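Values in this document were obtained by computation on a predicted structure and should not be read as measured data.
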Amino acid sequence: HHEARKVANNLAWMMGVQSTVLALLLYVMVYKVVTRPIQRLADQLRNLPPGTSAQLHVPRGHRDDEIGTLVESANVLLASNHSALRNERTLRAEIEKMEAQYRQIFDASSAGIFVLDHDGRLVNCNPTALRILGGDPSDVNRFKAADIIHDVFARPDHVLNLIDQSLRLGGTVSDDLELLGPGDASRWVHCLISVQHAEGWPQNRIAQDDFHVEGVMYDITDRKSAEAQARHLAEHDALTGARNRRASEDMLERLLIEATADSQPVSVLFLDLDGFKQINDQHGHHAGDQVLVQCAQRMRLSLRRSSDVVGRLGGDEFVVLLKGVGATDPL
């Protein structure tokens, strides 16, 4: 019995030693065949710079096993990543080039370009817009702090109506708008307005706070001035400055329509100058012209309201239109 126990102990010890040796051999083989190649691959990956075109090296003796397959798959991924980064760099360079071109167009455009938020505050604009609004690049912060719609435009309600139209129609609207400015000089712009809103939000309410207003404006002050001058010349007598015959007849027709609608009287006075022919004969036509000018001026100064009109029918004949004045009213 004692001998059997001794033999059993020896066998158990030998089996333990054998197991330990086999485990050590297995560990060494796994380390050399699997662990060390994977560690080297990890070190290679760690040392690769981002976006590099370099590839991992297949460990010797592992080209046809799982580690070789892993390295090949990693190389395919690295190549794809390098290609994607290269394309992204190319695309970014093209976008930066396009942005620079658009910025140059934005800054150099002869049209004023501006963006307002839903409160009418200036978000961005180009130098031309600042110049049209009466400022310079150093005034951009002042304009950003202002309510552009109410502080710049002479008729804010008109601008708000255009914004409302763009919201409802979902497109661009335009009109001629007068700007506020120093002194009595009138400045005009032709303005195109487009409202950009968040997708899915209702477009029929100007109170919606998730939109911004894009605008383009052109200075048309000279055109407006030329139109006003042409209209004045078309409606006024060149010598006396009074309304000419055609403009007087148009004004009379309009006053009669308004009088009929409002049940208000209109008085029409026809005047001519006594002895005017003798002035021309004795002192010449230049003196006669001066008399006509003075008479027209005195008649205009005698009018009580801007609604009253002095017109020259021709020669020494004038007409005076008095709105709201009846035959028995005092002049």
Side-chain angles (χ1 to χ4, degrees), residues 98-235 306-307:
M98 292 175 62
E99 286 180 347
Q101 292 174 344
Y102 290 144
R103 170 55 63 177
Q104 183 178 7
I105 295 172
F106 181 78
D107 291 339
S109 173
S110 60
I113 305 172
F114 62 90
V115 179
L116 306 179
D117 65 14
H118 61 275
D119 289 325
R121 306 290 179 180
L122 183 66
V123 176
N124 194 13
C125 68
N126 65 350
T128 303
L130 287 174
R131 178 180 57 79
I132 293 175
L133 295 177
D136 55 55
S138 63
D139 295 323
V140 63
N141 290 330
R142 175 171 64 86
F143 280 105
K144 285 186 176 181
D147 183 345
I148 296 296
I149 295 177
H150 291 85
D151 295 348
V152 171
F153 293 98
R155 290 187 55 195
D157 58 327
H158 194 175
V159 181
L160 292 175
N161 285 336
L162 290 176
I163 295 175
D164 191 31
Q165 289 180 32
S166 181
L167 272 170
R168 288 186 287 102
L169 300 176
T172 301
V173 295
S174 64
D175 205 348
D176 295 343
L177 302 173
E178 185 178 5
L179 302 180
L180 295 173
D184 297 330
S186 179
R187 295 186 301 127
W188 288 82
V189 294
H190 182 72
C191 193
L192 291 83
I193 289 179
S194 175
V195 177
Q196 303 298 326
H197 55 86
E199 185 176 356
W201 285 90
Q203 303 179 37
N204 58 350
R205 290 189 302 143
I206 196 170
Q208 176 55 249
D209 61 356
D210 199 357
F211 68 86
H212 63 272
V213 179
E214 298 177 354
V216 178
M217 57 185 175
Y218 302 88
D219 191 336
I220 58 170
T221 302
D222 292 341
R223 192 194 80 189
K224 280 289 185 179
S225 177
E227 290 177 353
Q229 184 177 5
R231 186 165 54 250
H232 181 84
L233 293 175
E235 296 178 351
S306 60
S307 60

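- Taking a cutoff of 4.0 Å between a charged side-chain nitrogen and a carboxylate oxygen, D176 and R223 qualify as a salt bridge.
- Applying the side chain to side chain contact (heavy atoms under 4.5 Å, CB included) rule to H232 yields the partners H236; only residues at least two apart in sequence or on another chain are considered.
- For the atom pair S225 OG and I220 CD1, the distance stands at 11.5 Å (nearest 0.5 Å).
- By the neighbour-count criterion of 12 heavy atoms within 6.0 Å, atom OH of Y218 is sparsely surrounded, having that number or fewer from other residues, nucleotides or ligands.
- Closest heavy-atom contact between G171 and S166: O-OG, 2.6 Å.
- Contact of the D175 side chain with the H158 side chain is registered, since non-hydrogen atoms from C-beta on lie closer than 4.5 Å.
- In this structure, NE2 in H212 is found 12.0 Å from CD1 in I163, a value given to the nearest 0.5 Å.
- Note that CG of D219 and CH2 of W188 are 12.5 Å apart. Values are rounded to the nearest 0.5 Å.
- Contact of the L133 side chain with the M217 side chain is registered, since non-hydrogen atoms from C-beta on lie closer than 4.5 Å.
- Within the 4.5 Å cutoff, side-chain heavy atoms of L177 are placed close to those of L162.
- Applying the side chain to side chain contact (heavy atoms under 4.5 Å, CB included) test to I148 and every residue at least two apart in sequence or in another chain returns L116, L122, F143, V152, F153.
- The two atoms that bring T128 and G112 nearest to each other are CG2-N, 3.7 Å, heavy atoms only.
- Annotation for L192 and H190: closest pair CD1-CD2, 3.9 Å, computed over non-hydrogen atoms.
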Where do F106 and N124 land on the side chain to side chain contact (heavy atoms under 4.5 Å, CB included) test, with the steps shown first?
CA-CA 11 Å; F106 181 78; N124 194 13; 4.1 Å; yes
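- The environment of Q101 atom CD is dense: over 12 non-hydrogen atoms of other residues, nucleotides or ligands sit within 6.0 angstrom.
- When side chains are defined from C-beta on, L179 does not count as touching T221, because their heavy atoms never get closer than 4.5 Å.
- From L167, atom CG reaches atom CD of Q196 across 10.0 Å, with rounding to the nearest 0.5 Å.
- To the nearest 0.5 Å, atoms CZ (R142) and CG (L130) are separated by 9.0 Å.
- The list of salt bridge (charged side-chain N to carboxylate O under 4.0 Å, His left out) pairs with a residue in residues 144-153, not counting sequence neighbours, is empty.
- Contact record, A111 with V216: CB-CG1, 3.8 Å, taken as the closest heavy-atom pair.
- H150 approaches P156 most closely through the heavy-atom pair CD2-CB, 3.6 Å.
- Here S110 contributes atom OG and R131 contributes atom CZ; the two are 8.5 Å apart, rounded to the nearest 0.5 Å.
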